[in-house]
Amino acid sequence: MARKLLLVLFAVATLLHGTAAQTRHVVGDATGWTIPSGGASAYATWAANQTFTLGDTLVFNFATGQHDVAKVTKSAYDACNGGSTLFTLTTGPASVTLNETGEQYYICTIGTHCSLGQKLAINVSRASATPSPAPQPSGSGSPPKASPVPTPTQAPAPQPSSPTPPPSAVPAPAPGPSAGAVTFTVGDTSGWIVPSGGASAYTTWASGKTFKVGDILVFNYPANAHNVEEVTKEKFNSCNSTSPLATYNTPPPVRLTLTKSGEHYFICGIPGHCSAGQKLAINVTGSSTATPPSGSTSPSPSSPTTNPSSLSPTSDVTPPSQNSGAASLGVVGLSATLLSVAAAFFC
């Protein structure tokens, strides 16, 4: 009876160990699931440094409404065709369990995001872990003997000359949940263009949104066709692009982090574009708990004026989910403890 119980415990421990070995892969790490500045090679480089096995999980971090995740065939992946997908997830962050081996393909179906590099190809293999062999029953019919574990002897701690009251432990306050930064793609799928509906197009787009400190604006436009300038309210109203507060001529898409509350005004400085409606006014509130990434780098504006303190380019970053490595170690440690207790009890 004792031997049977020990074999059952060993089998349970082996099963728990196999489960704990599964890995959560946060796609793009800290960058998340976004339009990468380096094109499609960004996610190809990320995937080349990972090992994907059956049962692992992919975590796509993105702002709901700005991106999605669609699993597609290889031909649809190569052509960036989101018209016929195997499945589509629209709420971020999204988790996908790898339940089949072989090559798998994922894209973002919104606008031109896939053609700009928001696509991922991986190869999933079977787990190659080999569990230790189960203990063999002995011919004598007696249960296996466990080696005795020496009991350590602890030396008595020296007593202090005068009693001191133990310090009162004050638990550290648990951090409250913080609202993550929201990424807004200006104009959504239309991008940053000369709108057919005039200035009301971007006014309508902004009216249904709440902008907070820490949020990100993304201006999508073809290279050399437009630019982004931050100006005062007076120059916004008159579409005067001379001496802007800042001009952003970095390769598109341009990402700006809102780091200051209040009204902000943006125009396209290409002649005629602002007067045709390519202008955006927003109001930023300071109640967000999100903070812009500390590693963001502000590009030097082409204008000789001082950089505005309210904005800095950044990448589309959503805090990645934590991997479950600590929980895996805890499960394995519990299994080993059960084995030791059972062996000692039945010896």
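Below, each value reflects all heavy atoms present in this structure, side chains not excepted, and no hydrogens, waters or symmetry copies. Being a predicted model, the structure only gives us computed values, none of them experimental. Throughout, numbering of the chain's residues begins at 1 and tracks the sequence.
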F184 and W205 aromatic ring geometry - parallel, tilted or perpendicular at 30°/60° bounds: perpendicular
Side chain proximity check, Y105 to L86, heavy atoms < 4.5 angstrom: no
Worked check of side chain to side chain contact (heavy atoms under 4.5 Å, CB included) between V26 and N61: CA-CA 7 Å; V26 179; N61 281 323; 3.5 Å; yes
Hphob cluster co-occupancy, I107 + L116, side-chain heavy atoms under 4.5 angstrom: no
Straight-line distance of D188 CG to I110 CD1, nearest 0.5 Å: 8.5 Å
Nearest-0.5 Å distance, CG of residue L54 to CZ of residue R126: 6.0 Å
Flag, side chain of Q66 to backbone of T183, donor-acceptor distance under 3.5 Å: yes
Which atom of R24 lies closest to which atom of V59, heavy atoms considered: NH2-CG2, 3.7 Å
L280 side chain near V186 side chain, heavy-atom distance below 4.5 Å: yes
Geometric class of the Y106/F60 ring pair [parallel <30°, tilted 30-60°, perpendicular >60°]: tilted
Minimum heavy-atom distance A206-A281, with the two atoms named: CB-O, 4.0 Å
T88 versus D68, side-chain donor and acceptor atoms under 3.5 Å: no
Path from V228 to V284 over hydrophobic side-chain contacts below 4.5 Å: yes
Least distance between heavy atoms, I270 atom then A225 atom: CG1-O, 3.9 Å
Heavy-atom neighbours of N224 CG exceed 12 at 6.0 Å: no
Donor-acceptor side-chain pairing of T257 and T259 below 3.5 angstrom: no
Trace of the side chain to side chain contact (heavy atoms under 4.5 Å, CB included) decision for H264 with L217: CA-CA 12 Å; H264 299 278; L217 294 182; over 6 Å; no
Minimum side-chain heavy-atom gap L98-I122 below 4.5 Å: yes
Atom pair OG1/CG of T112 and N220 - distance to nearest 0.5 Å: 6.5 Å
Gap separating the NZ atom of K279 from the OH atom of Y202, nearest 0.5 angstrom: 13.0 Å
Test item: V231 and N240 side chains (from C-beta on) under 4.5 Å apart, heavy atoms: no
Cluster check V69, Y77: I/L/V/M/F/W/Y, side chain < 4.5 angstrom: no
Smallest separation among heavy atoms of V218 and P253, with atom names: CG1-CB, 3.9 Å
Presence of salt bridge, E100 and K71, under 4.0 angstrom: yes
S41 side chain to G38 backbone, donor-acceptor under 3.5 Å: yes
Flag, side chain of T285 to backbone of F211, donor-acceptor distance under 3.5 Å: yes
Gap separating the NE2 atom of H25 from the CG atom of L58, nearest 0.5 angstrom: 6.5 Å
Exercise: do N99 and T97 side chains pair donor with acceptor under 3.5 Å: no
Co-membership, hydrophobic cluster, residues Y248 and F236, 4.5 Å side-chain: no
Donor-acceptor contact below 3.5 Å, side chain T64 vs main chain G92: yes
Beyond-backbone contact of T23 with T53, side-chain heavy atoms, under 4.5 angstrom: no
Min side-chain heavy-atom separation Q278-W192 under 4.5 Å: yes
Check SG atoms, C108 and C114, less than 2.5 Å apart: no
Side chain proximity check, S241 to I267, heavy atoms < 4.5 angstrom: yes
Geometric class of the W46/F52 ring pair [parallel <30°, tilted 30-60°, perpendicular >60°]: tilted
Nearest non-hydrogen partners of S261 and V213, listed with the distance: N-CG2, 3.8 Å
Residue pairs passing the salt bridge (charged side-chain N to carboxylate O under 4.0 Å, His left out) test where at least one lies in residues 231-240, sequence neighbours excluded: none
Gap separating the NE2 atom of H273 from the SG atom of C268, nearest 0.5 angstrom: 5.5 Å
Output field: ring centroids F219/F266 closer than 6.0 Å: yes
pair Q50-V27: side-chain heavy atoms closer than 4.5 Å: no
Over all atoms of both residues, closest heavy-atom pair of A201 and P195: CB-CB, 3.6 Å
